[in-house]
Amino acid sequence: MTGPASTPDSNTLELLRVVLPPFHLVFGLLLSAWTLLFLFRIVLTWYPQVDLTQGFWRVVAVPTEPLLAVSRRLIAPIGGVDVTPVIWVGLISLVRELLVGQQGLITQVMLKVSVLPA
């Protein structure tokens, strides 16, 4: 590149054209899966007898518990209800929309790269 307003060279464009679509897809799916796991955690708060360290429930607990443990130290339960999974669903949804949503940053870069001449 010769300056801030110049376009990237053809090798960089080709690399971006190859790398961005799969990255966009995988990153969007990971954020969606993480949101789904936090939604499971919200539902599981209604069933306190479920042991998250046993069986299938570990699949739900392992990816979510580190974030929930940190946020529980900062946010106390409201009326005896743990609201931290709800907060994380909102935050992850916001990040997903900002990065891979219809007007997301990665989506816009992908579109810009696809219309630039080779």
Side-chain angles (χ1 to χ4, degrees):
M1 284 193 231
T2 59
S6 68
T7 58
D9 64 1
S10 63
N11 290 336
T12 306
L13 282 175
E14 191 57 37
L15 180 65
L16 286 173
R17 286 185 181 124
V18 170
V19 171
L20 275 180
F23 175 75
H24 181 268
L25 175 68
V26 169
F27 192 59
L29 288 173
L30 285 174
L31 288 172
S32 296
W34 214 10
T35 302
L36 187 62
L37 291 174
F38 277 108
L39 287 172
F40 280 133
R41 288 299 296 255
I42 291 169
V43 171
L44 288 173
T45 60
W46 302 334
Y47 303 99
Q49 72 274 12
V50 173
D51 184 8
L52 293 174
T53 62
Q54 300 295 318
F56 170 77
W57 301 117
R58 288 181 56 115
V59 173
V60 175
V62 169
T64 58
E65 191 57 38
L67 290 175
L68 291 174
V70 170
S71 55
R72 284 184 189 126
R73 285 187 224 130
L74 300 172
I75 303 166
I78 299 173
V81 176
D82 182 16
V83 295
T84 55
V86 177
I87 293 168
W88 281 109
V89 166
L91 287 174
I92 294 170
S93 297
L94 175 66
V95 167
R96 184 177 182 278
E97 192 59 37
L98 289 174
L99 295 178
V100 295
Q102 208 170 17
Q103 298 295 318
L105 294 172
I106 297 172
T107 305
Q108 293 302 310
V109 169
M110 218 169 57
L111 290 172
K112 176 88 172 181
V113 166
S114 70
V115 297
L116 287 176

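- The salt bridge (charged side-chain N to carboxylate O under 4.0 Å, His left out) pairs that include a residue from residues 100-114 number zero, where partners must be two or more places apart or lie in different chains.
- For T45, there are no side chain to side chain contact (heavy atoms under 4.5 Å, CB included) partners, not counting sequence neighbours.
- A donor-acceptor pair under 3.5 Å is absent between the side-chain atoms of W57 and the main chain of L44, judged by distance alone.
- Between Q102 and T107, the closest side-chain pair of non-hydrogen atoms is not below 4.5 Å.
- Applying the side-chain hydrogen bond (donor to acceptor under 3.5 Å, both in side chains) criterion to S114, with sequence neighbours excluded, gives no partner residue.
- The structure places CG of L67 at 12.0 Å from CD1 of I87, a figure rounded to the nearest 0.5 Å.
- Contact check for S93 versus T35: side-chain heavy atoms found under the 4.5 Å cut-off.
- Put simply, the side chain of F38 reaches to within 4.5 Å of the side chain of L68, judged on heavy atoms.
- Residues satisfying the ring-ring contact (aromatic ring centres under 6.0 Å, His included) test with F23, not counting sequence neighbours, are F27.
- A donor-acceptor pair is defined here as one N or O able to donate and one able to accept, closer than 3.5 Å; such a pair exists between the side chain of S32 and the backbone of G28.
- For residues 41-63, every residue pair satisfying the salt bridge (charged side-chain N to carboxylate O under 4.0 Å, His left out) rule, not counting sequence neighbours, is listed here: R41-E65.
- Connectivity analysis of hydrophobic side chains (ILVMFWY, heavy atoms under 4.5 Å, direct or indirect) links L30 to V26.
- For residues 85-108, the set of pairs meeting the salt bridge (charged side-chain N to carboxylate O under 4.0 Å, His left out) definition, not counting sequence neighbours, is empty.
- Counting only heavy atoms from C-beta outward, the side chains of M110 and V113 never approach each other to under 4.5 Å.
- The other residues sharing a hydrophobic cluster with V19 are L15, where clustering joins ILVMFWY side chains under 4.5 Å apart.
- Judged as a side-chain hydrogen bond (donor to acceptor under 3.5 Å, both in side chains), and not counting sequence neighbours, the contacts of S71 are W88.
- The salt bridge (charged side-chain N to carboxylate O under 4.0 Å, His left out) contacts involving residues 100-109 comprise nothing, where partners must be two or more places apart or lie in separate chains.
- Applying the side chain to side chain donor-acceptor pair (under 3.5 Å) rule to pairs touching residues 75-87 yields R72-D82, D82-T84, sequence neighbours excluded.
- Using a 4.5 Å cut-off between side-chain heavy atoms of Ile, Leu, Val, Met, Phe, Trp and Tyr, L25 falls into a hydrophobic cluster with L29.
- For the atom pair L31 CG and L98 CG, the distance stands at 11.0 Å (nearest 0.5 Å).
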